[in-house]
2 protein chains.
Amino acid sequence: MAMGRPRAFDADAALDQAMEVFWRHGYEGATIAQLTDAMGINPPSLYAAFGSKEGLLKAALDRYSAKRACWLEQIVSAPTAREVAERILMGTADTQTDPANPPGCLLVQGGLACGTGSENVPFELAAHRAQTENQLRDRFIRARAEGDLKETADPAALARYLSAVIAGMGVMASSGADREALRQVAAVSLKAFEEQSNS
Amino acid sequence: MAMGRPRAFDADAALDQAMEVFWRHGYEGATIAQLTDAMGINPPSLYAAFGSKEGLLKAALDRYSAKRACWLEQIVSAPTAREVAERILMGTADTQTDPANPPGCLLVQGGLACGTGSENVPFELAAHRAQTENQLRDRFIRARAEGDLKETADPAALARYLSAVIAGMGVMASSGADREALRQVAAVSLKAFEEQSNS
DNA sequence: TCACATTTGTAGCGCTCACTACAATTCTGG
DNA sequence: CCAGAATTGTAGTGAGCGCTACAAATGTGA
């Protein structure tokens, strides 16, 4: 048996470039030509490795989520629910205005509404956003069990709330809001949290 | 002088239909064929009346904002800042899940990131979103002057916060969140407000 | 009634899109 | 060193995009 010509590009590095293009232009706004240019490969290589434009997006989303997972681990390991909220809100304000990346969040700007033939792209993004919300909810359930959140607090509602604020910050960042503006939003959001907290 | 053949369609009614298409599919996802079908006219009529696809979007956005303006007037006429916040949050939860419209908000799903040639579409949407934020800010400045908000409260930050939460609710609604979920978010958001309020 | 101004419907323009056929290239197993 | 397997670069493919030329239709003013 022969094993064939080896791939001449690094799939993860190429995915990082594709991620940035989707992030900046959205799924429908990103063209194959832009993607292949950024990835430094030709269309046949792209299709051999990822199957389709949508397949490439899914791979990029998985990579995005994988990177994000470590970051989230750090955040939910904070000692109290209030501190989890503070870290994720302030952290979001910083990462969404990090000049190393396009402004905002790939999971928001990637595409909330798409044309015929790409109807499942928005669902795909939503599924990834839900990961964060679920992780927060689980953390807050634990926080309530530990007496760290009031008995009357609703962990799922709090997680959903943070998820909404984070998405909203992404919308603001995508239209040019600066870091200070996002931190202000984070600071106000946090006040809603302190009311539910025992710490 | 002759006045020419009169237009055979109602521009506002046609704009309502176009608005819905942009709302559901986003700017780039909406095709001229879908738009003309929904509007009940042919392409030349569309281009004679609105100039271009982007011109049509702007007209649809203006109409969207005009309708929204009355609604907002009602809201900022509430007696206290806290009640303004409650009305706009709960009202948003309802309108963004109104089955008469596509879910979410046109100013969010219309297009946060677009491809080459449509770079100003996201800015256009952002400008319309800013109208709401400015109106809220002005209302909160007044509220603080009236002693209705604490002296330490920052009207601009509060308006920005509400604007972010509303955008975040739009993101959630676009991916299928139901009315109850949005109301939960609204309820939690409101707690951040009560802390700044004297009523 | 007739010249003129404007809209309408038909048909199709050039262009770019996502995607691929194909042959040359580059590797491994024997 | 060669046969086979996989990737690479070139050069397109058909389809759908935003948009428009053109002639027929429909109104107004003189």
Side-chain angles (χ1 to χ4, degrees), chain A residues 1-15 17-19 21-22 24-61 110-111 113-121 124, chain B residues 1-15 17-19 21-22 24-61 110-111 113-121 124:
Chain A
M1 293 294 178
M3 283 176 68
R5 178 173 176 173
R7 179 178 286 165
F9 65 95
D10 176 44
D12 280 340
L15 271 181
Q17 300 305 312
M19 197 191 301
V21 175
F22 282 132
R24 195 173 300 274
H25 298 291
Y27 176 74
E28 298 197 298
T31 68
I32 297 293
Q34 287 174 321
L35 290 163
T36 52
D37 277 3
M39 298 166 84
I41 62 176
N42 295 314
S45 299
L46 191 160
Y47 283 89
F50 305 104
S52 65
K53 187 184 179 186
E54 193 169 330
L56 176 60
L57 175 74
K58 287 183 186 174
L61 289 178
C114 283
T116 312
S118 312
E119 293 91 347
N120 39 340
V121 166
E124 203 71 40
Chain B
M1 290 299 175
M3 282 175 67
R5 178 175 177 172
R7 180 177 286 164
F9 65 95
D10 176 44
D12 281 340
L15 272 182
Q17 299 305 312
M19 197 191 303
V21 175
F22 282 132
R24 196 174 298 277
H25 297 292
Y27 176 73
E28 298 198 298
T31 69
I32 298 292
Q34 287 175 322
L35 290 163
T36 52
D37 277 3
M39 299 165 84
I41 62 176
N42 295 315
S45 299
L46 191 159
Y47 283 89
F50 305 106
S52 66
K53 187 185 177 185
E54 193 169 329
L56 176 61
L57 176 73
K58 287 183 184 173
L61 289 179
C114 282
T116 311
S118 311
E119 294 91 347
N120 40 338
V121 166
E124 203 70 40

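Chain letters run A, B, ... following the sequence lines, proteins first, then strands; residues in each count from 1.
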- [ ] For C:dT20, take OP1 and OP2 only and decide whether either is under 4.0 Å from a side-chain N or O of A:Tyr47.
- [x] no
Task: Toward the 5' end of DNA chain C, by each residue's nearest nucleotide, A:Ala30 or A:Pro44 - done: A:Ala30
Open item on the list: In this structure, how many angstroms lie between the P atom of D:dT7 and the CZ atom of A:Phe9, rounded?
Closed with: 9 Å
Task: Phosphate OP1/OP2 of C:dT8 contacted by B:Ser45 side-chain N/O (<4.0 Å) - done: yes
Open item on the list: From C-beta outward on A:Arg7, which listed nucleotide comes closest to its side chain: D:dC19, D:dT8, C:dC17?
Closed with: D:dT8
TODO: Answer whether the closest heavy-atom distance between the side chains of B:Phe50 and B:Lys58 falls below 4.5 Å.
DONE: no
Open item on the list: Assess the residue pair B:Thr116 and B:Glu119 against the criterion (side-chain contact (heavy atoms from CB on, under 4.5 Å)); give the C-alpha distance rounded to whole Å, side-chain angles, the decisive distance to 0.1 Å, and a yes or no.
Closed with: CA-CA 6 Å; B:Thr116 311; B:Glu119 294 91 347; 3.6 Å; yes
Task: Distance, rounded to the nearest Å, where B:Met3 contributes CE and D:dT26 contributes P - done: 18 Å
- [ ] Among D:dT8, D:dT28, D:dG18, find the nucleotide with the atom closest to the side chain of B:Ile32.
- [x] D:dG18
Open item on the list: Nearest whole Å is fine: how far is C:dA18 C1' from A:Gln34 CD?
Closed with: 13 Å
Task: Terminal axis angle for the helix from C:dT1-D:dA30 to C:dG30-D:dC1, five pairs an end, nearest 10 degrees - done: 10°
TODO: Could you check if a side-chain atom of A:Leu61 sits within less than 4.5 angstrom of a side-chain atom of A:Phe22, using non-hydrogen atoms only?
DONE: no
Task: Under the side chain to side chain donor-acceptor pair (under 3.5 Å) test, residues paired with A:Asp10 that sit two or more places apart - done: none
Open item on the list: Taking atom types as they are modelled, would you say the side chain of B:Arg5 forms a donor-acceptor pair with the base of D:dA25 within the 3.5 Å cutoff?
Closed with: yes
- [ ] Identify whether any heavy atom of B:Phe50 sits under 4.0 Å from a base atom; if not, whether one sits that close to sugar-phosphate; answer base, sugar-phosphate or nothing.
- [x] nothing
Open item on the list: Let's see if you can work this out: which of C:dC27, C:dT7, D:dG18 has an atom nearest to the side-chain heavy atoms of A:Pro6?
Closed with: C:dC27
Open item on the list: What contact category does A:Ala48 fall into here, base, sugar-phosphate, or nothing, at under 4.0 angstrom with non-hydrogen atoms?
Closed with: nothing
- [ ] Measure from CG on B:Asp37 to P on C:dT10 and round the result to the nearest Å.
- [x] 12 Å
